[in-house]
Amino acid sequence: MSQWRQTILTVLMLLSSLAPSLSAKTYWVDPSGAFSSIRAALAHATDGDTLHVAPGIYREGAITIDKSIHVIGHNLPQIDGEGTYQIITVVADSVHIEGLHLMNVGVSFTQDNAAIKCDAVEGCVIENNTISNGFFGIYLAKSANCVVKNNQIKGEAVREVNSGNGIHLWYCKNILIEGNTVRQHRDGIYFEFVEHGTVRNNLSEKNLRYGLHFMFSHHCRYEQNQFQQNGAGVAVMYTQDVHMVNNRFQKNWGAASFGLLLKDIRDSEITQNHFVENTVGIYAEACDRVVVSENRFEQNGWAIKLMANSMDNTFRRNNFLVNTFDVATNSRQNFNTFEGNYWSTYRGYDLDQDDVGDVPFRPVRLFSLIVEKQPPALILLRSSFIGLLDIAERVFPVLTPETLIDPSPAMMPVTVE
Amino acid sequence: MKTIIKVIKYEFHDIFRSKWLIAYLLFFLMVTDTLFRFGGGGNRVILSLMNLVIFVIPLISILFGTMYLYHSQEFIKLLLSHPIHRRSLFAGMYLGLAIPLSLSFWLGVSIPFAYHDDGSNLMALGMLLMSGVFLTLIFTALAFLTAAILSDKTKGFGVAILVWLFFVVIYDGLILLTVFIFADYPLEQPLIILSLFNPIDLARILMLLSLDISALMGYTGAVFNKFLGSTWGMALSIFCLALWSILPYIAASRQFQDEDF
Amino acid sequence: MIGIVNLNKKFGKLHVLKDVSVQIERGCVSAIVGPNGSGKTTLIKSILGLVKPSSGQIFVNGIQINGDCAYRQQIGYMPQVAQFPENLTVREILHLVKDLRGNPTDLNETLFDQLGLEKELDKRMRTLSGGTRQKVSATLAFLFNPKILILDEPTAGLDPVSSSILKDQIQQEKAKGKTVILTSHIMSEIEELSDNIIFLLEGTVRFEGAIKTLIAGTNQQNLERTIAHIMMQGVA
C-alpha cells in the first residue's frame with residue numbers, strides 16, 4: 001500500500017473517532033491497514049458511511065450489513081466464502097455494494113446461500129460485482145426498489161440438485177436487473193412473486209436449466225436480453241401482463257428445451273424478439289390473450305408449438321424463416337388468430353400486388369402431427385414422400401386444424417424498426 | 001487411364017455440343033436465382049434447392065444416363081473394334097457423363113450464391129453441393145446398370161423411372177408404414193439402417209444435419225441423437241453414399257464386360 | 001493366324017454358333033459365306049471381342065483372346081452397317097480413332113483419297129448417306145495398315161465405282177501379305193477376291209478350305225452354283 005493512502009487512512013480514522021456525530025464518514029478496508037476486515041470497519045460504520053475495500057483477499061465468513069452504507073471495492077478485492085458461508089447478507093435499506101469479487105459461496109441443501117442476499121430491504125444497489133462459484137449469486141427476498149446492475153455472475157453448476165440461481169428474486173417489487181451476465185447456474189434469472197420488475201440488456205447463457213424462469217410475477221418487463229444455450233431455454237408461468245420486447249432466444253437445444261415456454265400466461269405481449277435455432281421457439285400452453293407480433297423465428301425446429309388449451313392469442317406480423325416446422329398443435333381445434341405473418345414456406349401468389357398473398361397459408365403440416373404421434377418418423381423429414389403428403393393435406397385438410405390459417409400472409413419479410 | 005481420358009474428352013465434346021446439358025445448367029441457374037429473388041435469404045434458398053436436389057437430380061441423372069448409354073451404342077461399337085479395354089471405355093463414358101452433369105449442377109447453384117452472397121449457411125450449402133454430386137454419380141451409375149442389363153430401350157426407360165420412383169417416394173412410404181405398424185417396438189436403429197439403403201435418404205439426412213439440427217435435437221431417443229447429432233452420423237452417411245456410388249458402377253461395369261454388340 | 005476352337009455362342013435360347021472350329025491362314029483372303037442368320041457376323045464379332053463366346057477359344061497369332069484388347073491393334077474392321085456417333089463430324093471420328101490407336105504416323109490414306117472423303121470432312125455423321133458412311137467405315141478399316149482386315153459385307157451399299165476401288169484395295173493388301181476375312185452375299189465377288197472359304201450353315205461349318213477344292217468337289221461351274229448345290233443337299 002502506498003504511503004499516502006496510509007496517511008489518509010490514519011487521518012480518516014482520527015476524524016471518525018474524534019467526530020462520531022458527523023454524517024457520511026469514509027472507511028478504508030485494507031488487509032494491511034487499520035481495518036483489515038470489512039467486519040471491523042462495519043462495526044464502526046453508521047448509516048450513510050462509505051467503506052472502501054482495497055484489493056486483497058478477505059476471508060471473513062458470513063458478513064451481515066445491517067447499516068445503510070456504501071461498500072466500494074477497488075480493483076475487485078476478493079471476498080472468499082471458502083465454500084462454507086453465505087458471503088454478504090443485507091438486512092438494512094439503501095445499501096450500495098459495488099466492485100467486489102465474491103467467490104466460493106457455501107453449497108447447502110437446506111439453505112439458499114448466496115454471494116449477496118438482500119433480505120426484506122428497500123433501495124439497495126448491487127453493481128459492477130463479479131461473482132464466481134456462487135451457489136446462489138444475487139438473492140433478493142421480500143425487497144423493493146432495488147437495482148442489480150452490470151454484475152458478472154459465473155457459477156460452476158454441474159448438477160441441478162446442488163446448484164443455485166444466478167439472480168434470484170422472491171417476493172420483490174420494482175426491481176431493475178440490467179446489464180448483468182449470468183452463466184452456468186441452475187437458472188440464470190429467477191423470479192417468483194415479483195411485480196413491476198424490469199430485466200434489461202442481460203446475457204444469460206449456458207445455465208443448466210432456464211436462462212430466465214419466472215412464476216407469479218405480474219407487470220414485469222423484459223427487454224433486450226439474450227438467452228442462449230440454456231439447458232431448457234426460458235420458462236415463464238402463471239403470470240399476467242408480461243412484456244417481452246426485443247430479446248434474443250438462441251440455440252436452446254434439447255427434447256425439453258424451449259426458446260420460450262409460456263404456461264398460463266395472460267394478457268401479455270411478446271414483440272420484436274428473435275428466436276433463432278431453438279428446438280422450439282415458443283411453446284404455449286394454456287395462454288390467453290397474448291399478442292405475439294413482429295418477432296423473427298429463424299431456423300428453429302418448431303417455431304411455435306401452440307397447445308389447444310390456449311385461446312384468443314394473436315400472432316401478427318412475425319417473420320417465419322426456414323424453420324423445420326412453423327406451427328404445430330395438438331388438436332383440430334383452434335381459437336387463435338394468425339394474420340399478416342411472413343412464412344418462408346409460403347408458395348402463394350399476389351396477383352393484386354398488395355404485398356399480401358392471395359391464398360391463405362396453412363402453417364400446420366401434416367408431418368408435424370405424424371412426428372407428434374410417432375417421433376421416430378422424424379427421420380423422414382423433408383422426404384419427397386412427406387412433401388407429397390403435406391401437399392395433399394394442404395389441399396384437403398383432414399387431420400390438421402382447418403381454422404388455423406393465416407388469411408393474409410405477407411409476400412415479403414415484415415420489416416421491423 | 002490414358003484411354004479413359006481420351007474417351008472422356010470425346011464424350012465432353014459430344015455432350016457439350018448437345019443442348020440439354022446447357023438446359024440443365026440453365027435450369028439450376030434460373031431456379032436458384034429466382035429463389036433468391038423471391039426473398040427469404042440464402043437459407044431458404046438452400047431448403048428449396050434441397051427439395052429439388054433430392055427429387056430432380058436422381059430423375060434427370062437416371063433418365064439421361066439410360067438415354068446416353070442407349071444413344072452411345074454406335075460409339076461403343078465403333079470403339080470396341082479398336083484396341084480399347086471395355087472397362088476403360090465404360091469408365092470414360094460414365095465419367096464423361098457424370099462430370100458434366102455434376103458440373104452443371106455445381107455451377108448452376110454456385111454462381112447465383114456467389115453474386116447473391118448474403119452470408120448463408122455455408123455448411124448447408126456445402127452439404128447441398130456434395131449431396132447433389134453424390135446423387136448424380138449414384139443415379140448415373142444406376143442408369144448405366146439398367147441400360148446394360150436391359151437391351152430393350154422401352155423396358156430400360158420404364159425400369160429407370162421405376163427405380164427413381166422407388167427411391168424417391170415409395171421407399172419412404174414403406175418406412176412410414178413400418179413406423180406405424182411397429183409403433184410399439186424400438187425403431188430408431190432399424191430406421192437408421194433402412195435409411196442407409198436408400199441413397200436419396202442418405203443425401204437428405206446429410207442435409208438435415210446442417211439445416212434442421214434444431215428440430216433433430218428435440219428428439220429424445222439416444223440412438224438418433226448419437227447418429228444425427230454428431231460427426232459420426234455425417235461420416236457414416238458420406239461413407240455409405242460413397243459405397244452407393246461405387247457398387248452400382250462396378251455392377252454395371254461387370255455387366256458391360258459380358259455384353260454382346 | 002486366327003484359330004477358332006469349338007466356339008459356341010448362344011443368345012438366350014438361340015444357339016447361333018455350334019462348335020465352330022476354323023483355321024484362318026496368314027496372307028490369304030478367307031470368305032465366310034452362308035445364308036442369312038447362319039452366324040457369319042456373330043463369328044466375326046467373336047473374333048473382334050464384340051461378342052462374348054459362350055464357350056470355346058479364339059487364338060489370334062497364337063495368343064488366346066480373353067478380355068484382352070491389345071490384339072485389336074492388328075485388326076482393321078469394317079462392320080456390316082456403319083454406325084457412328086451422330087454428333088461427330090468425319091474429321092472428329094478420324095481424329096478420335098487415330099487418337100485411340102496412339103496417333104501412328106504410318107497411315108494408309110489411299111481409300112480416303114480415292115473415295116473422295118476430303119469434301120465430307122466437316123459434315124456431321126447424321127447428315128451423311130449410308131454409302132458415305134460405308135466409305136468412312138472402309139477408310140477406317142484400312143487406315144492403320146493392320147495385319148488383319150475383317151470386312152463384313154464391305155461392298156454392300158457402295159456404288160460400282162467405290163466398290164471396285166475397295167476391291168482393288170483388298171487385292172493390294174492381300175498382295176502385301178495381309179490376312180483378310182470377309183463376308184459377302186455376292187458369290188462372284190468372293191470368287192474374285194478370296195482364296196479360302198468357310199461355309200456356315202445354321203451355326204455349323206459345312207466346308208472349310210480352298211475355293212477351288214470346293215468347286216471341284218461338287219462338279220459345279222462356279223462358286224454360286226456350288227453353294228446352291230450344297231444348300232440343296234442340306235435341305236434334302
Side-chain angles (χ1 to χ4, degrees), chain A residues 250-259 275-281 283 297-303 305 319-325 328 342-347 349-350 355 366-368 370-371 373-390 410-413, chain B residues 38-48 50-52 54-55 58 120-121 124 165 167-176 178-180 182-183 185-192 194-195 198 200-201 204-205 207-208 211-221 223-225 227-229:
Chain A
Q250 190 169 18
K251 268 197 185 154
N252 298 292
W253 280 353
S257 185
F258 307 91
F275 297 87
V276 181
E277 294 176 85
N278 302 289
T279 293
V280 179
Y283 177 95
F297 297 89
E298 192 171 355
Q299 287 188 294
N300 301 287
W302 287 259
K305 271 193 179 180
N319 287 313
F320 291 88
L321 303 169
V322 205
N323 301 291
T324 303
F325 300 98
Y342 173 77
W343 312 88
S344 68
T345 39
Y346 181 59
R347 291 285 178 271
Y349 44 82
D350 177 25
D355 294 337
L366 174 60
F367 187 50
S368 70
I370 293 174
V371 169
K373 285 209 171 71
Q374 298 296 341
L378 188 64
I379 199 162
L380 292 175
L381 185 61
R382 301 202 190 286
S383 146
S384 301
F385 177 75
I386 297 301
L388 293 177
L389 278 187
D390 279 339
M411 291 305 292
M412 296 300 272
Chain B
F38 265 124
N43 289 335
R44 184 196 154 166
V45 175
I46 292 175
L47 256 185
S48 306
M50 170 192 170
N51 291 327
L52 201 72
I54 59 175
F55 196 83
S120 39
N121 187 343
L165 211 59
F167 283 123
V168 81
V169 180
I170 298 170
Y171 195 88
D172 288 354
L174 294 176
I175 287 189
L176 190 62
T178 313
V179 168
F180 277 96
F182 299 100
Y185 299 88
L187 276 175
E188 292 177 61
Q189 209 152 3
L191 285 184
I192 290 172
L194 278 177
S195 302
N198 182 348
I200 297 183
D201 279 347
R204 186 172 53 78
I205 287 169
M207 284 185 267
L208 290 184
L211 283 170
D212 291 286
I213 193 70
S214 306
L216 298 175
M217 287 299 95
Y219 189 82
T220 35
V223 182
F224 264 17
N225 274 357
F227 179 70
L228 299 172

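Below, all heavy atoms of this structure are taken into account, side chains as well, without hydrogens, waters or symmetry copies. Lettering follows sequence order; numbering is per chain, from 1.
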**Request:** Under the side-chain contact (heavy atoms from CB on, under 4.5 Å) rule, collect the residues that match up with A/Tyr283, sequence neighbours excluded.
**Result:** A/Phe258, A/Leu261, A/Val280, A/Glu285, A/Lys305, A/Met307

**Request:** Not counting sequence neighbours, which residues clear side-chain contact (heavy atoms from CB on, under 4.5 Å) with B/Leu165? List them please.
**Result:** B/Ile170

Check for a donor-acceptor pair, side chain of [X] on one end and backbone N or O of [Y] on the other, with a separation under 3.5 Å.
X: B/Arg204; Y: A/Leu381; answer: yes
X: B/Asn198; Y: B/Tyr171; answer: no
X: A/Asp350; Y: A/Met411; answer: no
X: A/Asn319; Y: A/Tyr342; answer: no
X: A/Asp390; Y: A/Phe367; answer: yes

**Prompt:** For the candidates B/Ile54, B/Asp172, B/Leu176, B/Leu194, which exhibits the highest count of non-hydrogen atom pairs separated by less than 4.5 Å from chain A?
**Reply:** B/Asp172

**Prompt:** Taking B/Asn51, B/Leu208, B/Asp201 one by one, which has the highest count of heavy-atom pairs under 4.5 Å against chain A?
**Reply:** B/Leu208

Part of [X] lying under 4.5 Å from any heavy atom of chain A:
X: B/Met50; result: side chain
X: B/Leu191; result: both
X: B/Ile192; result: both
X: B/Ile205; result: side chain

**Asked** Most heavy-atom pairs under 4.5 angstrom with chain B, which of A/Thr279, A/Leu389, A/Asn278?
**Response** A/Thr279

**Prompt:** Which residue out of A/Val371, A/Ile370, A/Thr324, A/Ile379 racks up the most heavy-atom pairs below 4.5 Å with chain B?
**Reply:** A/Ile379

**Prompt:** So which part of A/Ser257 gets closer than 4.5 Å to some heavy atom of chain B, the side chain, the backbone, both or neither?
**Reply:** neither

